[in-house]
Amino acid sequence: MTGDLLDAEFLKSLPEVKNVFFLAGMKFGSEENLAQTWAVNAYLPAMVAERFKESRIVAYSTGCVYPLVPVDSKGSKEED
């Protein structure tokens, strides 16, 4: 089965399962499409958690792959 996970109707059509491995994500700092980056990294996990609230969910994350920078800086750059 293939589909758009950000489509609520598609998400509802997925079968009930006991376990979910959540591996979707976009690289932070994707300046080409900030709205989609936010949707995939923040909104989608909430949608999946709501849809599969009776399931056990394992979510993988790379954590912070950028170096630490001063709080008053503009943050890490893509080149980092």
Side-chain angles (χ1 to χ4, degrees):
M1 176 181 284
T2 62
D4 181 355
L5 290 174
L6 288 169
D7 176 355
E9 291 304 312
F10 174 73
L11 203 55
K12 280 194 244 178
S13 77
L14 296 176
E16 293 292 331
V17 292
K18 184 176 180 179
N19 301 303
V20 173
F21 283 84
F22 185 79
L23 305 173
M26 280 185 70
K27 182 179 180 184
F28 282 99
S30 299
E31 293 183 17
E32 301 81 38
N33 194 341
L34 294 176
Q36 185 174 13
T37 302
W38 173 84
V40 171
N41 292 332
Y43 183 60
L44 179 58
M47 292 174 64
V48 170
E50 177 63 26
R51 166 62 183 88
F52 293 102
K53 60 186 164 197
E54 301 300 323
S55 302
R56 295 184 297 186
I57 300 174
V58 175
Y60 287 98
S61 173
T62 58
C64 182
V65 296
Y66 296 112
L68 296 176
V69 296
V71 173
D72 61 350
S73 74
K74 291 186 177 184
S76 290
K77 308 258 185 298
E78 286 289 317
E79 296 79 34
D80 293 343

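Small disclaimer: the values here were computed from a predicted structure and weren't measured.
A salt bridge (charged side-chain N to carboxylate O under 4.0 Å, His left out) check over residues 13-25, counting only residues at least two apart or in different chains, returns the pairs Glu16-Arg51. Residue pairs meeting the ring pair (Phe, Tyr, Trp, His ring centres under 6.0 Å) criterion with at least one partner in residues 1-20, sequence neighbours excluded, do not occur; the list is empty.
The ring-ring contact (aromatic ring centres under 6.0 Å, His included) search around Tyr43 returns Trp38, not counting sequence neighbours. The side chain to side chain contact (heavy atoms under 4.5 Å, CB included) search around Val71 returns none, not counting sequence neighbours. Under the side chain to side chain donor-acceptor pair (under 3.5 Å) criterion, Glu50 pairs with Lys53, sequence neighbours left out. Residues passing the salt bridge (Lys or Arg N to Asp or Glu O under 4.0 Å) test with Lys12 are Glu9, sequence neighbours excluded. When the side chain to side chain donor-acceptor pair (under 3.5 Å) test is applied to Asn19, the partners found at least two apart in sequence or on another chain are Arg56. In this structure, Lys74 has no salt bridge (Lys or Arg N to Asp or Glu O under 4.0 Å) partners at least two apart in sequence or on a different chain. Partners of Asp7 under the side chain to side chain donor-acceptor pair (under 3.5 Å) rule, at least two apart in sequence or in another chain, do not exist in this structure.
A pairwise comparison of heavy atoms in Ser55 and Val20 identifies CB-CG2, 4.0 Å as the closest pair. Closest heavy-atom contact between Ile57 and Ala49: CD1-CA, 3.9 Å. The two atoms that bring Phe52 and Pro15 nearest to each other are CE2-O, 3.5 Å, heavy atoms only. Of all heavy-atom pairs spanning Leu11 and Val48, the tightest one is CD2-N, 4.1 Å. Here the closest heavy-atom approach between residue Leu44 and residue Leu6 is recorded as CB-CD2, 3.8 Å. The two residues Pro45 and Ala39 have their closest heavy-atom pair at CD-O, 4.4 Å.
The distance from the CE atom of Met26 to the OG1 atom of Thr37 is 3.5 Å, given to the nearest 0.5 Å.
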